[in-house]
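Hydrogens, waters and symmetry mates are skipped; everything else that's a heavy atom, side chains included, is used.
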Amino acid sequence: MVRALIVDDEAPARFELRSLLEETGRVEAITEASSAKEAVTCLVQSREHKADAIDVIFLDVSMPKTSGMQLADALHKLKNPPAIVFVTAYSEYALEAFGVDAVDYLMKPVEMDRLQQAITKVEQRLKVASAPAANAQAPTGSERIPVEKGGHKVLVPINQIRYVEAKDDYSCIYTADDRYLSTISLAKLEQRLTPHGFYRVHRGYIVNLEYVQDFVTVSGGVVQLGLRDVEDKKIPVSRRRVVAVKRMLGL
């Protein structure tokens, strides 16, 4: 059982997340804060009694004055920081989030299965932290996505996926040398993949940013991405996402 702190400036959002956390049955205590300043006060108070120390902070990115990202960066520098799980409506901060060692990145509205996955990751992080001698043997592994291939269920490691394309009510998942059909919607795949360095560059495409090698502006100002190991395919970037994609690629 973990002890959690919810940090969000919107009371309805805190209430909704608290309800979901309570429903999991895996959270021992839940504290709420409406600002970064209030969150720091809650964290300090909890650490005065080690048995009540906060294990994980579910943190919104967009908040007035001090943002969630600024707070996470400050906490990251602590000797024994709490685990951070970002909960936000904005996918473009995902890479920045993992720069401050976030455990997970949940998209609003939060779905129960993703929240359960996040709590599992927090528990694993706490377990490793409590047994530093075993860190070298801690498994890294890779999460996998269930897909269809030749009438069979196949599990594709996320780190092998180059991009995902929406196809009617399905999604096509592309690796370097194969294509798979998934019954998982693009919206749900976005939630699954965003914490792993993927970004939805267009309403019909999710791209693994690690494999982007070309950022090209073609006629009419349309931007397209070229991917390593993927020939004869250019991924369009919607106009409203161009700025975010450039920032995430360091351009």
Side-chain angles (χ1 to χ4, degrees), residues 4-24 27 30-39 56-76 82-119 121-122 143 145 158 163-164 166 171 184-209 236-249:
L5 170 62
I6 300 172
V7 185
D8 196 312
D9 61 308
E10 297 182 357
R14 296 197 304 272
F15 175 81
E16 182 177 354
L17 184 54
R18 170 185 279 272
S19 299
L20 287 172
L21 287 170
E22 290 175 344
E23 189 177 338
T24 68
V27 182
I30 303 173
T31 309
E32 295 183 22
S34 60
S35 66
K37 182 178 180 180
E38 189 177 334
V56 55
I57 299 179
F58 289 89
L59 181 59
D60 185 25
V61 172
S62 180
M63 295 191 297
K65 295 185 179 179
T66 303
S67 71
M69 199 62 67
Q70 291 172 317
L71 174 59
D73 184 55
L75 295 178
H76 179 54
I84 298 292
V85 174
F86 282 101
V87 184
T88 177
Y90 305 98
S91 61
E92 59 263 36
Y93 297 101
L95 292 184
E96 191 176 349
F98 289 93
V100 293
D101 199 27
V103 173
D104 210 338
Y105 192 96
L106 304 181
M107 297 289 294
K108 295 179 180 178
V110 177
E111 295 188 354
M112 177 58 78
D113 61 339
R114 283 292 290 117
L115 182 59
Q116 294 280 16
Q117 290 176 28
I119 294 175
K121 291 180 181 180
V122 170
E143 290 189 32
I145 300 292
I158 285 177
Y163 71 98
V164 184
S171 301
I184 304 174
S185 69
L186 206 67
K188 289 188 176 181
L189 282 174
E190 180 182 10
Q191 291 194 336
R192 292 279 297 273
L193 297 174
T194 293
H196 300 274
F198 288 73
Y199 184 61
R200 190 167 182 173
V201 300
H202 185 278
R203 65 181 181 180
Y205 291 91
I206 299 172
V207 170
N208 187 339
L209 295 176
V237 179
S238 64
R239 294 183 184 277
R240 69 186 183 88
R241 296 174 186 257
V242 169
V243 174
V245 171
K246 290 179 70 174
R247 183 170 63 82
M248 296 173 78
L249 294 174

Is a side-chain N or O of R114 found less than 3.5 angstrom from the main chain of Q117, in a donor-acceptor match?
no
Could you walk me through whether S91 and M107 pass side chain to side chain contact (heavy atoms under 4.5 Å, CB included), step by step?
CA-CA 7 Å; S91 61; M107 297 289 294; 3.7 Å; yes
Within the distance-only criterion (no hydrogens, no angle test), does the side chain of S171 pair as donor or acceptor with the backbone N or O of I184 below 3.5 angstrom?
yes
Within this structure, what is the CZ-NE2 distance for the pair R239 and H202, rounded to the nearest 0.5 Å?
10.5 Å
Any idea which heavy atoms bring F58 and I119 closest together, and the distance?
CZ-CG1, 4.5 Å
Flag the pair Y105 / T88 as yes when at least one side-chain heavy-atom distance between them is below 4.5 Å, and no otherwise.
yes
Pairwise side-chain contact, I84 with V100, heavy-atom cut-off 4.5 Å (strictly under)
no
Is it the case that the side chains of S34 and E38 hold a donor-acceptor pair, with the cut-off being a distance below 3.5 Å and no angle test?
yes
Is any side-chain N of the basic residue among E92 and R247 closer than 4.0 Å to the acidic one's carboxylate O?
no
Verdict with supporting geometry, L20 and V110, side chain to side chain contact (heavy atoms under 4.5 Å, CB included)
CA-CA 9 Å; L20 287 172; V110 177; 4.1 Å; yes
Quick one: are E32 and F15 in side-chain contact, heavy atoms under 4.5 Å?
no
To the nearest 0.5 angstrom, please state how far the CG atom of L115 sits from the CG atom of L106.
6.5 Å
Does R18 reach the main-chain N or O of I30 with its side chain, forming a donor-acceptor pair under 3.5 Å?
yes
Mark yes or no for whether R241, through its side chain, and R200, through its backbone, hold a donor-acceptor pair below 3.5 Å.
yes
Which heavy atom in A39 sits nearest to a heavy atom in V7, and how many Å separate them?
CB-CG2, 3.6 Å
Flag side-chain contact, heavy atom, 4.5 Å: D9 against P64
yes
If you round to the nearest 0.5 Å, how far is CZ of R192 from CD of E111?
10.0 Å
Side-chain contact, heavy-atom cut-off 4.5 Å: L189 with F198?
no
Out of curiosity, L71 CG to L59 CG, how far, rounded to the nearest 0.5 Å?
5.5 Å
If we only count heavy atoms from C-beta on, is the V103 to V56 side-chain gap below 4.5 Å?
no
Write down the atom of P82, the atom of I57, and the distance for their closest heavy-atom approach.
CG-CD1, 3.7 Å
Looking only at non-hydrogen atoms, find the nearest pair between L186 and G204 and report the distance.
CD2-C, 3.6 Å
Distance, nearest 0.5 Å, that separates OG of S62 from CG of D8
9.0 Å
Begin with the C-alpha distance, continue with both residues' side-chain angles, and end with the deciding distance and a verdict on side chain to side chain contact (heavy atoms under 4.5 Å, CB included) for K108 and V87.
CA-CA 7 Å; K108 295 179 180 178; V87 184; 4.0 Å; yes
Between T24 and L21 (side chain of the first, backbone of the second, donor and acceptor by atom type, cut-off under 3.5 Å), is there such a pair?
yes
Output the distance between atom CD (E143) and atom CG (L193), rounded to the nearest 0.5 Å.
9.5 Å
Should V237 and Y205 be marked as a side chain to side chain contact (heavy atoms under 4.5 Å, CB included) after you check the CA-CA gap, both sets of side-chain angles, and the distance that decides it?
CA-CA 8 Å; V237 179; Y205 291 91; over 6 Å; no
